Peer 1: 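Please find one structure pasted underneath; my questions will follow.
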Amino acid sequence: MLTTLAIAGYRSLRELIVPLGRLNVITGANGSGKSSVYRSLRLLAETARGGVITSLAREGGLQSTLWAGPERFSRAVLDGEFAVEGTRRKEPVSLRLGFSGDSFGYAIDLGLPQPEKPPSRFQLDPIIKRECIWSGPVLRPAAMLVDRRGPAIHTRDGRDWQAVPQPVASFDSMMTEFSDPRTAPEMITVREQIRSWRFYDHFRTDAEAAARLPQIGTHTPVLSNDGADLAAALQTIREIGDPLALDAAIDDAFPGSRLDIATQDGRFEVTMQQHGLLRPLKGAELSDGTLRYLLLVAALLTPRPPALLVLNEPETSLHPDLLPALARLIARASTHSQVLVVSHAARLIAALERENDSRSIVLEKHFGATRIADADDRDLPAWKWPAR
Ligand SMILES: Nc1ncnc2c1ncn2[C@@H]1O[C@H](COP(=O)(O)OP(=O)(O)OP(=O)(O)O)[C@@H](O)[C@H]1O
Ligand SMILES: [Mg+2]
């Protein structure tokens, strides 16, 4: 389980250390930084899949995602006596992402390349300056297990350090490029842990959404990100998952309705028998909210729960009356996976807050930077970034 998430230099997250529990709800006003937390967690997940540089480029590159405020605020600015003024940058451009749990921690530091001669056309690609894996919740020199500085990786060997002979490219994470189970087993553990994280963000439910149409069905223990394999995923829950929980989730939200997966020539389609109708409704006839709820049911009742499940604004297009049922499903999922929900639906937040073990993280802006509301520095987990 992750106990700490740390982000520095990403949009309004100048430096944010987030303590995490089993079931976490991230809330806050518009613009407080919720989506930025979600996106930075996705970026972190991309590092273990080899896609962090591409994902950053798609967001407009490091320069655009970088914290746009000053490096420091003077006392006079904080006291309201002076306006925020730009000063010459003293510190290097840096985007840092990291997390830790009880057993391991990981952090990555991305920066800009030195100008080259002849100039590279990839001059705007960020480069990975440092990556570290350590044991325990906080980085300490004695707890460091794998240490990458620029192209060089060192692994701990008892009291000594061993250099990995092959250098890594500036745009590759050590996690995708180096996997030796003998010298760095913890690297593989951390990589596989990150790769198992699952993200769901705004399923398509419009008239042409793939989830509405019959699709070739195979065993689907994990719903895809676009939800196209919804019918197969629901049938998989029925056959190898928890069919009673599935029926209960449908009845909880739509009393008297029954879900049926129709199959024809290997194609699976969601149909729903609704109270008062003479024939079941097909996927194409379901309302946006009904379809979105079914997608969330399939995601949350997965027979193969991930280590971490992240849901971004799952309330979109759901009627407030459905939110308590959704909260119950989320709470159930949190008994198998660590769950993080980003939401601004008051009813969903309130229902989740009533669950045992849930933790709400309210974000707010202070001088343009995101911070956790009502958090004393002493309440925040200890965190130390690796230096360059
Ligand atoms: N490079 C940057 N530096 C500083 N702040 C930035 C930067 N880029 C965006 N922001 C600000 O970061 C804030 C956080 O945006 P974010 O999308 O995370 O908010 P949100 O909590 O998801 O809001 P909403 O509820 O409206 O979706 C916005 O107010 C935006 O103006
Ligand atoms: Mg948002």
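Order of listing sets the numbers, starting from 1, for every ligand and every atom in it. Just so you know, these numbers come straight off a predicted model, no measurement behind them. FYI, side chains are in, hydrogens and waters are out, and symmetry mates aren't considered; it's all heavy atoms of this structure. The chain is numbered in sequence order, starting from 1.
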Peer 1: For the residue pair Thr220 and Asp229, confirm or rule out a side-chain donor-acceptor distance under 3.5 Å.
Peer 2: no
Peer 1: Would you please say whether a donor-acceptor pair under 3.5 Å links the side chains of Tyr10 and Glu59?
Peer 2: yes
Peer 1: At what distance is the nearest protein heavy atom to atom 6 (C) of ligand 1, and which residue and atom is it?
Peer 2: Ser12 N, 3.7 Å
Peer 1: Within 2.8 Å of the Mg ion (ligand 2), is there any N, O or S atom belonging to Asn30?
Peer 2: no
Peer 1: Which residue and non-hydrogen atom of the protein lie closest to atom 7 (C) of ligand 1, and at what distance in Å?
Peer 2: Arg11 CA, 3.6 Å
Peer 1: I'd like to check atom 30 (C) of ligand 1 in this structure: does the protein have a heavy atom lying under 4.0 Å from it?
Peer 2: no
Peer 1: To the nearest 0.5 Å, tell me how far Arg195 CZ sits from Thr176 OG1.
Peer 2: 7.5 Å
Peer 1: Side-chain heavy atoms nearer than 4.5 Å, only ILVMFWY residues, links allowed to pass through others: does that put Leu16 and Val25 together?
Peer 2: no
Peer 1: Please identify which of these residues, Ile108, Val52, Thr65, meets the side-chain contact (heavy atoms from CB on, under 4.5 Å) condition with Leu43.
Peer 2: Val52
Peer 1: Below a 4.0 angstrom heavy-atom separation, can you tell me which part of Ala369, side chain or backbone, both or neither, approaches ligand 1?
Peer 2: neither
Peer 1: To which protein heavy atom is atom 26 (O) of ligand 1 closest, and what is the distance rounded to 0.1 Å?
Peer 2: Asn30 ND2, 3.1 Å
Peer 1: What atoms of ligand 1 come within less than 4.0 Å of a heavy atom belonging to Ala29?
Peer 2: 21 (O)
Peer 1: Quick check on contacts: which atoms of ligand 1 are under 4.0 angstrom from a heavy atom of Trp67?
Peer 2: 3 (N), 4 (C)
Peer 1: Do Tyr38 and Glu313 get their side chains close enough for a donor-acceptor pair, meaning under 3.5 Å?
Peer 2: no
Peer 1: Select one of side chain, backbone, both or neither to describe which atoms of Val37 lie under 4.0 Å from any atom of ligand 1, heavy atoms only.
Peer 2: neither
Peer 1: Please list the nearest protein heavy atom to atom 27 (O) of ligand 1 with its residue and the distance rounded to 0.1 Å.
Peer 2: Ser35 OG, 3.9 Å
Peer 1: Check whether Phe203 forms a cation-pi arrangement with Arg292 (NZ or CZ under 6.0 Å from the six-membered ring centre, at most 45° off the ring normal).
Peer 2: no
Peer 1: Quick check: Trp383 with Phe99 (ring centres under 6.0 Å apart)?
Peer 2: no
Peer 1: Can you tell me if Gly69 has a non-hydrogen atom under 4.0 Å from ligand 1?
Peer 2: no
Peer 1: Could you go through Arg267 and Asp265, starting from their C-alpha distance and side-chain angles, then the distance that decides it, and tell me whether this counts as salt bridge (Lys or Arg N to Asp or Glu O under 4.0 Å)?
Peer 2: CA-CA 5 Å; Arg267 288 187 185 268; Asp265 304 331; over 6 Å; no
Peer 1: So if I count the atoms of ligand 1 from 1 in the order they appear, which ones are less than 4.0 Å from some heavy atom of Lys365?
Peer 2: 13 (C), 28 (C), 29 (O)
Peer 1: Is there a path from Leu66 to Phe171 through hydrophobic residues (I, L, V, M, F, W, Y) whose side chains come within less than 4.5 Å of each other?
Peer 2: yes
Peer 1: Atoms of ligand 1 less than 4.0 Å from Ser36 heavy atoms?
Peer 2: 14 (C), 15 (O), 16 (P), 18 (O)
Peer 1: Would you please determine whether Gly33 falls within less than 4.0 Å of ligand 1 on a heavy-atom basis?
Peer 2: yes
Peer 1: Near His344, which atoms of ligand 1 are under 4.0 Å from a heavy atom of that residue?
Peer 2: 25 (O)
Peer 1: Using a strict cut-off of 4.0 Å, indicate which atoms of ligand 1 neighbour a heavy atom of Ser64.
Peer 2: 1 (N)
Peer 1: In terms of atom number and element, which parts of ligand 1 are under 4.0 angstrom from non-hydrogen atoms of Leu66?
Peer 2: 1 (N), 2 (C), 3 (N)
Peer 1: Between atom CD1 of Ile153 and atom CZ of Phe178, what is the distance when rounded to the nearest 0.5 Å?
Peer 2: 6.0 Å
Peer 1: Name the closest protein heavy atom to atom 3 (N) of ligand 1, giving the residue it belongs to and the distance to 0.1 Å.
Peer 2: Ala68 N, 2.7 Å
Peer 1: Among all protein heavy atoms, pick out the one at the shortest distance from atom 28 (C) of ligand 1; state its residue, atom name and that distance to 0.1 Å.
Peer 2: Gly31 O, 3.7 Å
Peer 1: Tell me, do Leu340 and Ile26 make a side-chain contact under 4.5 Å, heavy atoms counted?
Peer 2: yes
